[in-house]
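Some notes on the structure that comes next.
Heavy atoms only: backbone and side chains are in, while hydrogens, waters and symmetry mates are out. Lettering of chains follows the sequences in order, A, B, ..., and the numbering in each one begins at 1. This is a predicted model, so every value here is computed, not measured.
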Protein chains: 2
Amino acid sequence: MNNEIQKKYQKRSELIKALAHPTRLFIIDFLSDGEKCVCEIVEQVGVDISTISKHLLVMKNAGLVESEKRGLNMFYKTTCPCISSLFDCLESISKKD
Amino acid sequence: MNNEIQKKYQKRSELIKALAHPTRLFIIDFLSDGEKCVCEIVEQVGVDISTISKHLLVMKNAGLVESEKRGLNMFYKTTCPCISSLFDCLESISKKD
DNA sequence: TACCTACTTGGTTAATTTGCCAAATACCAA
DNA sequence: TTGGTATTTGGCAAATTAACCAAGTAGGTA
């Protein structure tokens with residue numbers, strides 16, 4: 001792999017890594033019916049708020065979600081409607097087991 | 001997240017993790033025009049053959065590729081034609097930067 | 001101001017992943 | 001059987017990731 005090719009797949013893998021965690025996948029699904037604030041996500045997932053905040057940062061850095069502060073709350077929403085079709089593909093692989 | 005939900009996203013993340021490495025993504029693309037033996041992959045990627053072998057095992061365990069031995073060679077091919085559409089989705093996110 | 005709530009960041013530890021080398025295995029040919 | 005090629009497996013060190021707690025920051029309210 002030359003340098004340019006390497007860079008292409010590096011970038012692609014960074015995006016995929018940002019999805020590659022059960023909690024982050026759950027959050028993506030949870031956000032699919034509209035934006036949520038951090039405390040709503042924490043309530044659903046049931047881990048420490050700092051852990052959720054870091055997961056959200058990972059996804060934000062990857063461009064998967066975006067956030068907006070209103071009052072005391074930080075609201076997160078997905079940036080990409082195509083994500084769900086991606087999961088359809090993944091599910092079809094899973095079913096082969 | 002209750003136990004069943006947890007399990008669902010756990011499984012999904014395992015599949016995604018199997019994709020989440022530049023070398024493995026390259027291999028998936030490289031296999032898209034037909035099966036290849038391990039030494040052909042090694043030649044393209046340029047890392048140790050044991051490293052490639054382990055990457056292939058990760059993808060095989062996830063159901064992303066399958067293998068067949070013929071003579072001295074082990075041939076690998078993808079199991080899922082939908083993978084490339086998945087990458088189209090990912091690229092559309094990447095371009096937002 | 002002082003205090004409260006919502007969230008982020010820093011720091012530590014444990015677990016997981018990766019890559020290389022060396023050794024083992026599988027198949028083929030002389 | 002001896003040896004050679006292709007691949008896998010074991011083992012180890014380095015790098016990365018994840019979870020928690022504690023401390024810090026931002027905005028709202030009394």
Taking the six-membered ring of Phe30(A), is NZ or CZ of Lys36(A) closer than 6.0 Å to its centre and within 45° of its axis?
yes

Protein-nucleotide distance ([X], atom [atom1]; [N], atom [atom2]), rounded to Å:
X	N	atom1	atom2	value
Tyr9(A)	dT18(C)	OH	P	18 Å
Leu72(B)	dT25(C)	CG	P	17 Å
Glu68(B)	dA26(C)	CD	P	18 Å
Gln6(A)	dT18(C)	CD	P	14 Å

OP1, OP2 of [N] versus side-chain N and O of [X]: anything below 4.0 Å?
X	N	answer
His21(B)	dG19(C)	yes
Asn73(A)	dC7(C)	yes
Arg70(A)	dA6(C)	no

Outer limits of DNA chain D sitting under 4.0 Å from a non-hydrogen atom of chain B, read 5' to 3', are dT5(D) to dG11(D)

Please compare Ile52(B) and His55(A) by the position of their nearest nucleotide in DNA chain D and report the one closer to 5'.
Ile52(B)

Short question: side chain of Glu40(B), backbone of Cys37(B) - any donor-acceptor pair under 3.5 Å?
yes

side-chain hydrogen bond (donor to acceptor under 3.5 Å, both in side chains): pairs with one or both residues in residues 45-54 of chain B, sequence neighbours excluded:
Asp48(B)-Ser50(B)

Ionic contact status for Arg12(B) with Asp29(A), cut-off 4.0 Å
yes

May I ask you to list the residues of residues 27-51 of chain B, by number, that have any heavy atom positioned under 4.0 Å from an atom of DNA chain D?
Cys37(B), Val38(B), Cys39(B), Ile49(B), Ser50(B)

Run the side chain to side chain contact (heavy atoms under 4.5 Å, CB included) test on Lys77(B) and Glu66(B) for me, step by step, so that the C-alpha distance in whole Å, both residues' side-chain angles and the decisive distance to 0.1 Å come before the verdict.
CA-CA 6 Å; Lys77(B) 61 182 174 188; Glu66(B) 48 193 30; 3.3 Å; yes

Hey, what do you get for NZ (Lys60(B)) to OH (Tyr76(B)), rounding to the nearest 0.5 Å?
5.0 Å

Find the distance between CD1 (Ile27(A)) and CG (Leu56(A)) and round it off to the nearest 0.5 Å.
4.5 Å

Residue pair Gln10(A) / Glu14(A), side-chain donor-acceptor N/O under 3.5 Å
yes

Please pick, from dC20(C), dA6(C), dC27(C), the nucleotide with the shortest atom-to-atom distance to any side-chain atom of Lys54(B).
dC20(C)

Closest non-hydrogen atom pair, Gly63(B) against Thr79(B)
O-OG1, 2.6 Å

Return whichever of Met74(A) or Lys17(A) has its heavy-atom-nearest nucleotide of DNA chain C closer to the 5' end.
Met74(A)

Applying a 4.0 Å non-hydrogen cut-off, can you work out what Tyr76(B) is touching in the nucleic acid: base, sugar-phosphate, or nothing?
sugar-phosphate

